[in-house]
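These numbers come from the heavy atoms of this one structure, side chains and all, not from hydrogens, waters or symmetry mates.
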Amino acid sequence: MKLAANLSSLWTELPYLDRFEAASLAGFQAVAVPLPYEMPAKDTQRAALRAGLPVIQISAPPPNYTGGQRGFAAVPGLETRFRYDLRRALRYCQALNVPSLHIMAGVADGPAARATLISNLLHAVETVPEGIMLTLQPQAQQGAYLNSYDRAADIINAVNPDRIGLQFHSFHAQTLHGDASETFETYASIIRHVQLSDAPNNGTPGSGTINFDRLYETIHACSYTGWLVADYHANGPTGDSMSWLPMAEA
């Protein structure tokens, strides 16, 4: 399988630009940088090139530094802000040659939230170049609008399943639905991006309740060919948490 490292959760003990080399030395083939916006894109580009690692995903919209929530694509009243921030995210996608853009729905509820998210996604599909896949990720977060895989699948199918894929995160799948492997199998046809961490503490794969042997078998059986992104919080130095890698690579 193709393994990537999420540099927002791994090697946080290092300065941001040093994490690329650390990921390369650990054996990862790519990186995800959900929120690269605090650095000029050129700095991220140089660090990725030095490490020989492509940046395969970032997230949008960028953080609201005025104190608002991190994701707000489903929040009524922020449609103009979403469109403005989407343009900024696309500049980073283009500068870093990123093939996947995760759209964060945020905290919201009700029919207005659904209509807002669909409207923003329709705009994104029209705006984002066809070479970039959009993704939605269900979240086990209080108040999150995308609080189930069924809801995320409904939104994807209502907009454009050719341009928007499901982002599977093993911690959130296990927490929301009780069985990460079964959840993957149920929604495999629309899964375009996979992130790995254990439940219940978002820790290193193999440290909690998820049966990762079974999950890897399910991913193989469903013929998933995309990236597996390590997105966990190590209990100690990140470099000491890599014993799970050989099983994922098998």
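Note that Arg50 lies outside the cation-pi zone of Phe20, set by a 6.0 Å cut-off to the ring centre and a 45° limit from the axis.
Screening Leu96, Thr135, Val31, Leu101 against Gln57 for a side chain to side chain contact (heavy atoms under 4.5 Å, CB included) leaves a single residue, Thr135.
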Donor-acceptor pairs are to be reported for all side-chain atoms of residues 39-49 against protein atoms at under 3.5 Å, with residues two or more places apart or in another chain.
| from | atom 1 | to | atom 2 | distance (Å) |
| --- | --- | --- | --- | --- |
| Asp43 | OD1 | Arg46 | NH1 | 3.2 |
| Thr44 | OG1 | Tyr16 | OH | 2.8 |
| Gln45 | NE2 | Ala95 | O | 3.0 |

Using residues 240-248 as the side-chain source, report each donor-acceptor pair under 3.5 Å to any protein atom, sequence neighbours left out, with the distance given to one decimal.
| from | atom 1 | to | atom 2 | distance (Å) |
| --- | --- | --- | --- | --- |
| Ser241 | OG | Tyr232 | OH | 2.7 |
| Ser241 | OG | Thr238 | O | 2.6 |
| Trp244 | NE1 | Tyr232 | OH | 3.1 |
| Trp244 | NE1 | Ser241 | O | 3.2 |

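With hydrogens and angles ignored, the 3.5 Å screen pairs a side-chain donor or acceptor of Asp198 with a backbone N or O of Gly206. Distance alone, capped at 3.5 Å, places no donor-acceptor pair between the Arg83 side chain and the His123 backbone. The backbone N or O of Ser100 sits nowhere less than 3.5 Å from a side-chain atom of Arg192 that would complete a donor-acceptor pair.
Under the rule for a salt bridge (charged side-chain N to carboxylate O under 4.0 Å, His left out), the partners of Asp154 that lie at least two apart in sequence or sit in another chain are Arg114. Every residue was checked against the ring-ring contact (aromatic ring centres under 6.0 Å, His included) condition with Phe171, not counting sequence neighbours, and none meets it.
Atom CD of Glu79 sits in a crowded spot, with more than 12 heavy atoms from other residues, nucleotides or ligands closer than 6.0 Å. In this structure, Gln29 places its CD atom where more than 12 heavy-atom neighbours from other residues, nucleotides or ligands lie under 6.0 Å away. For CG of Asn157, the number of neighbouring non-hydrogen atoms (other residues, nucleotides, ligands) closer than 6.0 Å is greater than 12.
The hydrophobic cluster containing Trp227, built from Ile/Leu/Val/Met/Phe/Trp/Tyr side-chain heavy atoms closer than 4.5 Å, also comprises Ile56, Val229.
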For Asp231 and Ser197: C-alpha separation, side-chain torsions, deciding distance, then whether side chain to side chain donor-acceptor pair (under 3.5 Å) applies. CA-CA 6 Å; Asp231 181 28; Ser197 70; 5.9 Å; no
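Residues in residues 187-213 take part in these ring pair (Phe, Tyr, Trp, His ring centres under 6.0 Å) pairs, two or more places apart or across chains: Tyr149-Tyr187, Phe212-Tyr216.
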